[in-house]
Structure formats: structure tokens, C-alpha cells
Amino acid sequence: MERQIYLDHAATTQPAPEVVQQMLPWLSGRYGNPSARYRLGQEAGRCIAEARKQVAALIGADAEEMYFTSGGTESDNWVLRSCLSGGTNEKRHMITTGIEHHAILNTCARLEKEGAQVSYVMPDGEGRVDVRDIEREIREDTALISVMYANNEIGTLEPVREIGLLAAEYGIPFHTDAVQAVGHVPINVKDLGITWLSASAHKFHGPKGCGFLYMRKGHELPSFLHGGAQEKGLRAGTENVAGIAGMGAAARLCMAHMSGDMAYVRGQRDYLIRGVESAISGVRLNGHRRMRLPNNVNFSFSGLEGAALLLLLDQDGICVSSGAACNASLEKGSHVLEAIGVPEEYQRGAVRMTLGPETTREELDYVIERLKAHVMQLRELKNA
Ligand SMILES: *Cc1c(COP(=O)(O)O)cnc(C)c1O
């Protein structure tokens, strides 16, 4: 097989071998329904209980505060819809940011059509929102503050602790979409004043189609999917036992390797940033230089299309993304780059490279060399 260098860990991560091993029995012989009373079912039930403890430990929560979902999108929808849809909710205003993932932004757009009101706080030039800007938007009828833990395009870490303090001061629930951060940086929901937190297994070396919603004790949301009594009656549907087992294993691995992986990946990130900045002119690092995810690099190259660069790198077996993976097919530019005020000539030339614990220096040297060649080639074509 031709060589492949995978630099798109923000889009998804490879399930760790231990994760796959942990999942296999539940996809074959141990196929019982966790709600069933016989042993075949009960062992699946125990598997879920064990995984619940493992994911709870990853974010400093109690096992009984964890609810399994189909992923980040469902967890986000659950929170926003529960807090803002009509019917029983009297307060129908929420505060979020202009740089959220579309799981938040498109849900907000839909809720606005249904009569909710949403204030979008804009970040500074490095992608950080200011807690004072959030405070200014607080109203009598504010039902929710939802701010992502870390941005999926530019990696900027948001001031979650300050926002948690602010929310507590005003008695407003605080949700964070932490899909990019869970398993990558240490998180303690208790210290941070988080009411609800969304996460997704496939972003931390677990399987796709499986995630969780943390709900602080006493802040359980009403059921979002109605049906059976799974997840204490709050999330109906037969559990994704294999997925949950895999997510538990992924959480355990993240706990065990986090500090070492963080230091290693951060070192690789800074090596790539320095390498690109010294090899190529007309580049701009998007996002905050220090307050960013250990694995995120996002560069804009002036006078070229990021999409073209992506295709050329793919010819070399290098997987990168121009903006968020799920919007790669859309013609629109990135709402995040626009929000942070990236100059016009840089806006279309963005490339996101997100590293993993398996990324080597040698791979990065090759990436820098290929990037340099393609950037020069594309600029020459443009000026010809
Ligand atoms: C990937 C991602 C999501 C969506 O998670 P899925 O499990 O793929 O539905 C939501 N928010 C952020 C910030 C993400 O990066």
C-alpha cells in the first residue's frame, strides 16, 4: 500500500487496537440485550456499567451523571432543544458563539425558526470569546449559555472556567460542546462549573456513532428520544453495546496516556508550525498560538485555494482538511475564519492539519516539503 500520513484527527481518529478488541465480543457471541434478565443480557448490562465508570473518570464526573448517545450531534441537540423549544419552556433565549460546530449552529437556526432567540458572541482575532461579551448578552429570559470547549477548525481553547463562574453567578445553566477536547486535554466538569457536556467517541480513538452527554446531578434534562426505559428513561433505544464498550476502552487509554501524549503531540505541533513558517512565505497561523489544542495546526496560505492544496497533498498520501471535514463539500467559506477576521486573500487558502500520537518528525518533514512545493506551484499557476 502507498504511504499514508493521517493529519485529520479533528475529523475522526483511528480506533485504537485495544478499542476494537474490546468491541468484538459484543458484536458476535455476547450479543444479549442489556435490558434482558438472563445472563446473556446481564453481562451486556455489566459491560455498559463498566464503560460508564470509565468515561465518567475521563471528565471527573460520577458514573450516574453519564448518558450514552449516538454522538456529539445528538448530545448537542438534546441540550439545546430541551432548554429552548416551545411548550414547557418559559425562557427562550440562549447565548452561544459565532464559531460553534454546525451541530450547535444549525440547531440554533432551527430553534430560532420555532420562536427561540439566540445571541451569537463573536471571538477576538485568535478565536477566544470574552466572558464580558457573554455577560452583556444575559437577559431575564436567558435559559442557556453554550460555548464550545475548543474550536474544531482552529483549535482555540475557550475560557470555559470563567464562563462557568459567570453562569453560576447568574444561575444560568452552562453547556459545552467538548467533542474536540475530551480525551485530548484534562477536563474536570466539577472544577469548571459545567452543567452539561457533549462528547463523541470517534474523536478520541473510539468508534463512530457513539458519544455521551454529561448531566450534572440535579440537572437531568427531559427525555429527547422517547421509547423504552434505557438510560434511566431519559434516552430510549437499545444500547449500542459494542460502541459503548469501545468508548469505555478509549476513555481508559486516554486517561493512561494523556499527559505523555499531550506533551509529545504539542511538541510535534510546534515543530510543524515552525517548519511551515520558516519554509513558506505568505502564511498565517489561524487561532491562538498558545491557547490551542495540542494537536491542531491551521494555516492559511495567501493567493491559493485550500481545496486545491488538499487534493495535491492527497496525491502524496497526506490527509488534511480545508476547514471542518463535514463542510468540506460546501462552497461557502469557513464561518470560523470569517468570524476571526482572516484577511480576504487568506480566507480561501486554509489548511487544517490535526496530529495524533502516532505522528512522527519524519512524516512532518515530508509534509513540510510537499506543502512548500505545492504552494509554490499553485501560486505560479495563479500568476501565470
Ligand atoms: C465532530 C464534532 C461534532 C459532531 O460529533 P459527531 O459524534 O460526529 O456527531 C460536534 N461538535 C464538534 C466540536 C465536533 O468536532
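In listed order, ligands and their atoms are each counted from 1.
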Can a salt bridge be assigned to the pair R46 and E50 using a cut-off of 4.0 Å between side-chain N and carboxylate O?
no

Decide, yes or no, whether a salt bridge links E345 with K382 under the criterion of side-chain N to carboxylate O below 4.0 Å.
no

Numbered atoms of ligand 1 (with element) below 4.0 Å of [X], judged on heavy atoms:
| X | answer |
| --- | --- |
| H202 | 6 (P), 7 (O), 8 (O) |
| G71 | 7 (O) |
| K203 | 1 (C), 2 (C), 3 (C), 14 (C), 15 (O) |

Heavy atoms only, cut-off 4.0 Å: how does V179 contact ligand 1, side chain, backbone, both, or neither?
side chain

Answer yes or no for R361 and Y271: cation-pi contact, defined as NZ/CZ to six-membered ring centre under 6.0 Å and angle to ring axis within 45°.
yes

Which Ile, Leu, Val, Met, Phe, Trp or Tyr residues join L337 in one cluster when any pair of side-chain heavy atoms under 4.5 Å counts as a link?
I99, M148, I154, V336, I340, V342, Y346

Considering distance alone, does some N or O of S200 sit under 3.5 Å from an N or O of ligand 1?
yes

For ligand 1, is there an N or O atom under 3.5 Å from any N or O atom of G72?
yes

Result for salt bridge (charged side-chain N to carboxylate O under 4.0 Å, His left out) between E65 and one of R216, K232, K190 points to K190

